[in-house]
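Any value given below was found using the heavy atoms of this structure, including those in side chains, with hydrogens, waters and symmetry copies removed. Letters A, B, ... mirror the listed sequences (proteins, then strands); counts begin at 1.
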Amino acid sequence: MSDHGHQHESHLADMLADHPDDHTHGGIMQYLAVFAALCVLTGMSFFTYSSYWPFSKEVAWAFMMAVSCTKAMLVIMFFMHLLWEANWKWVLTIPASCMSIFLLLMLVPDVGLRQDNGWAWYSRDRWMFAANKPAVENSVLKLLDEQAVKKHSPADLQ
Amino acid sequence: MSEHSHHPPMLQYQPALPISNGKACLWLFLSTEIMFFAGLIGTYIVLRFGAVAWPKPHDVHLSEPIGAFNTFVLICSSVSIVLALEAAKRNRASEAKGWVLVTFFLGCVFLGVKGYEYLAKFDHGLYPQNPHGQIHEKADLNYAAAIRKRLLDLRAEIEPKTPRTAEDEQKLAVIDQISRDLLEPAETAARENPDSPEWRILMLRLAFAIYPPQYEEESPVGEAFDIGASTAQLQAAPLHLVAFQQNDQTAAADHALGDHDSGHAHGLNDVHSWLRLPVMIPGGGLWASTYFLLTGFHAIHVLVGLIVFFLMLFVTLNRTQIGLIENIGLYWHFVDLVWIFLFPLLYLF
């Protein structure tokens with residue numbers, strides 16, 4: 001078995017020796033170009049956090065995730081050489097990607113369920129120990145809307 | 001017959017994948033890692049966006065520039081390990097080793113910065129759990145009790161000293177002042193009129209004095225904070241006194257180490273670092289759990305990579321070692337990949 005592995009390794013080395021410029025991929029300059037692109041993209045997602053970002057926070061989140069996915073694809077394609085690999089790459093990457101995407105999709109309903117949106121309520125215990133909703137703090141400080149305080153107070157849920 | 005059975009043409013070994021066993025194993029490992037981190041990140045997203053409250057980055061001493069710097073460091077290290085592979089392909093062993101050394105160094109820088117960030121959080125009592133964790137979700141009676149206990153502990157520590165220094169006296173004065181002007185009014189109000197929101201205002205005033213929150217201006221919380229500030233004028237005088245009594249040295253030290261605190265307003269815990277009072281950070285407990293879990297698992301991966309890089313420094317990295325360099329490179333790029341997602345999710349969201 002190890003003999004085979006050794007053979008394979010030396011075979012690989014031979015192949016590379018035969019074709020020293022085997023990398024049809026552009027070599028070091030291309031890596032540096034990818035590096036520059038990664039730096040620019042990092043700067044772009046950092047920009048969304050600055051006060052110069054003209055759009056809303058939600059747009060910033062979507063933008064940052066798009067930037068992150070772009071960066072991930074650059075790293076996978078060029079640094080991990082998947083762009084130049086043979087078709088075996090799909091055998092591993094497609095099932096893993098499907099399963100992780102499926103996992104994330106399955107978690108989506110939890111985000112909705114956990115939000116206090118009128119049809120999914122916190123348990124009493126959770127109200128006792130969880131942080132106050134910012135709106136509750138607000139109303140408490142305003143001393144105005146006692147109705148709102150009552151509605152959200154844990155005592156009301158007992 | 002026997003000759004034929006000795007060389008059966010149909011039994012030639014065909015590898016399932018046209019790559020070395022090591023690389024196939026590493027890719028299989030990486031595909032499990034993708035699912036591992038997808039689960040962690042997915043859970044973080046559920047908890048983060050389903051949470052009633054979540055601390056702003058500066059509330060928990062997260063510094064975006066430091067996070068961006070670490071991202072840059074990891075990207076650089078990804079490039080350097082790729083260059084090591086290219087050098088090895090050209091059979092330039094010493095050049096390859098140089099790039100591995102650079103990668104090792106950059107990985108150490110990443111972990112060092114991460115450690116510095118962790119320390120900045122530990123310094124402020126931001127641990128995921130007791131006994132070190134000082135995070136309270138809301139300013140309720142439990143919070144007041146925790147502060148009272150901490151103040152009593154501090155007093156018990158300082159009072160028995162027979163020759164008390166001027167500093168000790170100052171500390172005792174600060175403790176007295178906090179309990180007299182901030183803690184006791186809140187507790188008294190809660191005891192005498194538990195149905196009125198008044199005690200909650202006083203409790204919030206106490207919490208904000210200890211650890212002022214960073215709120216967005218346009219959010220309803222921002223309004224709340226503005227009102228909190230105007231009510232804070234009522235007790236501006238005592239707070240002023242407390243701040244006044246600190247000696248100039250600590251003030252200078254505070255300014256000197258203000259780097260990782262940039263953007264975070266200074267409260268009593270910052271002015272008097274020895275106080276270490278419990279802090280009120282809505283959503284802070286969940287934040288601490290997820291932050292330390294995600295960055296901790298990532299840091300473990302970085303550490304494993306560093307160990308391999310260190311061992312590689314003792315190997316001649318010529319053309320025969322292409323497989324080794326490629327495999328550790330794949331692993332390292334994956335570590336970089338995870339950080340690419342963790343950085344915006346943890347620092348910028």
Considering only heavy atoms, which portion of B/L330 lies under 4.5 Å from any heavy atom of chain A: side chain, backbone, both, or neither? both
Can you run down the side-chain hydrogen bond (donor to acceptor under 3.5 Å, both in side chains) pairs that involve residues 329-338 of chain B, sequence neighbours left out, and say none if there aren't any? B/S77-B/W332, B/S78-B/H333, B/S78-B/D336
Rounded to the nearest 0.5 Å, what separates atom CZ in A/F63 from atom CG in B/L348? 11.5 Å
Calculate, to the nearest 0.5 Å, the distance between atoms CD1 and CG belonging to B/I34 and A/L92 respectively. 9.0 Å
If you draw a 6.0 Å radius around CH2 in B/W199, do more than 12 non-hydrogen atoms from other residues or ligands fall strictly inside? yes
Could you check whether atom CE of A/M99 has more than 12 heavy atoms from other residues, nucleotides or ligands sitting under 6.0 Å from it? no
Could you tell me the separation between the CG atom of A/L82 and the CH2 atom of B/W27, rounded to the nearest 0.5 Å? 4.0 Å
Could you list the donor-acceptor pairs under 3.5 angstrom formed between side-chain atoms of residues 338-347 of chain B and any protein atom two or more places apart in sequence or on another chain?
from: B/W339; atom 1: NE1; to: B/T71; atom 2: OG1; distance (Å): 3.1
from: B/Y347; atom 1: OH; to: B/K114; atom 2: NZ; distance (Å): 2.9
from: B/Y347; atom 1: OH; to: B/E117; atom 2: OE1; distance (Å): 2.9
from: B/Y347; atom 1: OH; to: B/E117; atom 2: OE2; distance (Å): 2.7

Side chains of A/F79 and B/V79 in contact at under 4.5 Å (non-hydrogen atoms): yes
Is any side-chain heavy atom of B/I75 less than 4.5 Å from a side-chain heavy atom of A/T42? yes
Would you mind checking which part of A/L41 comes under 4.5 Å of any heavy atom in chain B, side chain (CB onward), backbone (N, CA, C, O), both or neither? neither
So CG of A/L103 and CG of B/L40: to nearest 0.5 Å the spacing works out to 10.0 Å
Would you compute the distance between atom CZ of A/F46 and atom CZ of B/F72 and round it to the nearest 0.5 angstrom? 13.5 Å
Is there side-chain contact between B/F37 and A/S100, with heavy atoms separated by less than 4.5 Å? no
Residues, nucleotides or ligands: over 12 heavy atoms within 6.0 Å of A/W53 CH2: yes
Gap between atom CG of B/L30 and atom CD1 of A/I76 - 0.5 Å precision: 10.0 Å
Would you indicate whether A/F102, at its atom CZ, is surrounded by more than 12 heavy atoms from other residues, nucleotides or ligands within a distance under 6.0 Å? no
Okay, B/L85 and chain A: the region with an atom under 4.5 Å from a heavy atom over there is side chain
